[in-house]
Amino acid sequence: MALIGVVLELALVVTTMLVTATLVIVGPRRLVAALREFRWRMEACALPLVALAVVLFVRWSTRDVFQRLERRVLGTNITPYLFDLERTVFGTNPVAVLQSFQAEPLTSFFVFSYIYGYAFLLLFPLIAYFALDEMNSLSTLVLAFTANYAIGLVCYVLFIAYGPRNLDPLLFDGLLYESFPQARLLTNQVNQSTNVFPSLHTSLSMTVFFVAWLTREKYPLWVPIAGFFAISVALSTMYLGIHWFSDVVAGTALALISVYIGHNYTVEEILASVRAFLVTPFETGGKLDR
């Protein structure tokens, strides 16, 4: 199946999930009202959306530059350390334990969670929060997504890490590509094999769940659904042999940090802090020179 076929199948499944969830959780009346008044909603969350677009563009446009940086200048291969750490702490590797329960229905469930559930989990809250009467929740989510990608990008430059299936195919099965080989067409477009620490699948999924919990009074039904998908996605990354347990823990920590940033700061405040951080040393240097 060519890439276009995989994308169309993904779009069909995820769109079906989004329509169903929107009708049940958001409701048609609230959605219609949001579409009628979309202009002020877009203006209210324009800055966080621009910030997210800039980070995603930087990540996409500088992919080759960052690859050279991580491999020739900054990157340290931490794969053996992750493997030894988990074997020391648990006695045996958690990924191997999880894969020991391998069964066809379980593999199908985790493949579905990793690909379709993950896409649904990231897209649905954008619709749901856009339909609210205020844009604070949407701004929090978008800013948290931005922090995830930005911090994750720095980690990928600093640390080279291969997943279990790439470290030792005899110890760990690459279940994703064995049971759903066309997934490689998608993952090759957005990722590379050395970028596993932390797990962005985990961090972004847990970010959605944490924000769902913060906004539980607005969409109480969304909280258990988001929690189910977020935990399923995190487990799927290990079961399918893509990430280590350490990647999942680091991804969850990254989600907590990102939600804290999104919940407590605005884009303007972050930019002001960055300017102050960059300008202060020069001012101090200038005083010392005088």
Going from [atom1] on [X] to [atom2] on [Y], what distance comes out if it is rounded to the nearest 0.5 angstrom?
X	Y	atom1	atom2	result
L85	F245	CG	CZ	10.0 Å
T140	M135	OG1	CE	11.0 Å
L49	T146	CG	OG1	8.0 Å
S203	Y149	OG	OH	8.0 Å
I242	L176	CD1	CG	4.5 Å
S273	E268	OG	CD	11.5 Å

Indicate yes or no for a side-chain donor-acceptor contact from [X] to the backbone of [Y] under 3.5 Å, with no hydrogens or angles considered.
X	Y	result
N264	Y260	yes
D247	W244	yes
S205	T202	no
N148	A144	yes
D173	L175	no
Y129	S139	no
S199	V248	no
H243	V196	yes
E86	N93	no

For a quick test of your reading: what N or O donor-acceptor pairs under 3.5 Å do the side chains of residues 113-128 make, sequence neighbours left out?
residue : atom : partner : partner atom : Å
S113    : OG   : F109    : O            : 3.0
Y116    : OH   : E9      : OE2          : 2.6

If you take all heavy atoms of [X] and [Y], which pair is closest and at what distance?
X	Y	answer
P48	C45	CD-O, 3.3 Å
F197	A250	CE1-CB, 3.6 Å
A150	V55	N-CG1, 3.8 Å
L98	L235	CD2-O, 3.6 Å
R30	A131	CG-O, 3.2 Å
A161	N77	CA-OD1, 4.5 Å

Co-membership, hydrophobic cluster, residues [X] and [Y], 4.5 Å side-chain:
X	Y	value
L132	V32	no
L204	F228	yes
W213	V259	yes
L256	L254	yes
L18	L23	no

Below 4.5 Å, heavy atoms only, C-beta onward: do [X] and [Y] meet side chain to side chain?
X	Y	result
T92	R87	no
K218	E134	yes
L143	I270	yes
F90	V97	no
T252	F210	yes
F110	V233	no
T79	T194	no
L200	Y156	yes

Is it the case that atom [atom1] in [X] sees more than 12 heavy atoms from other parts of the structure closer than 6.0 Å?
X	atom1	answer
D84	CG	yes
E104	CD	no
Y265	OH	no

Check: W222 ring centroid to F229 ring centroid under 6.0 Å: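 Distance test on ring centres: not under 6.0 Å, no.
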
Candidate pair T215 and V223, rule side chain to side chain contact (heavy atoms under 4.5 Å, CB included), full reasoning: CA-CA 9 Å; T215 59; V223 178; over 6 Å; no

Side chain to side chain contact (heavy atoms under 4.5 Å, CB included) evaluation trace for F83 with F172: CA-CA 12 Å; F83 180 72; F172 306 104; 3.9 Å; yes

Partner set under salt bridge (charged side-chain N to carboxylate O under 4.0 Å, His left out) for E269, not counting sequence neighbours: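 For E269, no residue satisfies salt bridge (charged side-chain N to carboxylate O under 4.0 Å, His left out) once neighbours in sequence are set aside.
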
For R41, salt bridge (charged side-chain N to carboxylate O under 4.0 Å, His left out) partners two or more places apart: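 Applying salt bridge (charged side-chain N to carboxylate O under 4.0 Å, His left out) to R41 gives E37.
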
Short N-O contact, E178 and R165, less than 4.0 angstrom: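 Salt bridge between E178 and R165, a charged N being under 4.0 Å from a carboxylate O: no.
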
Of V19, L12, V13, the residue whose pairing with T15 passes side chain to side chain contact (heavy atoms under 4.5 Å, CB included):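 In the set V19, L12, V13, the residue that makes a side chain to side chain contact (heavy atoms under 4.5 Å, CB included) with T15 is V19.
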
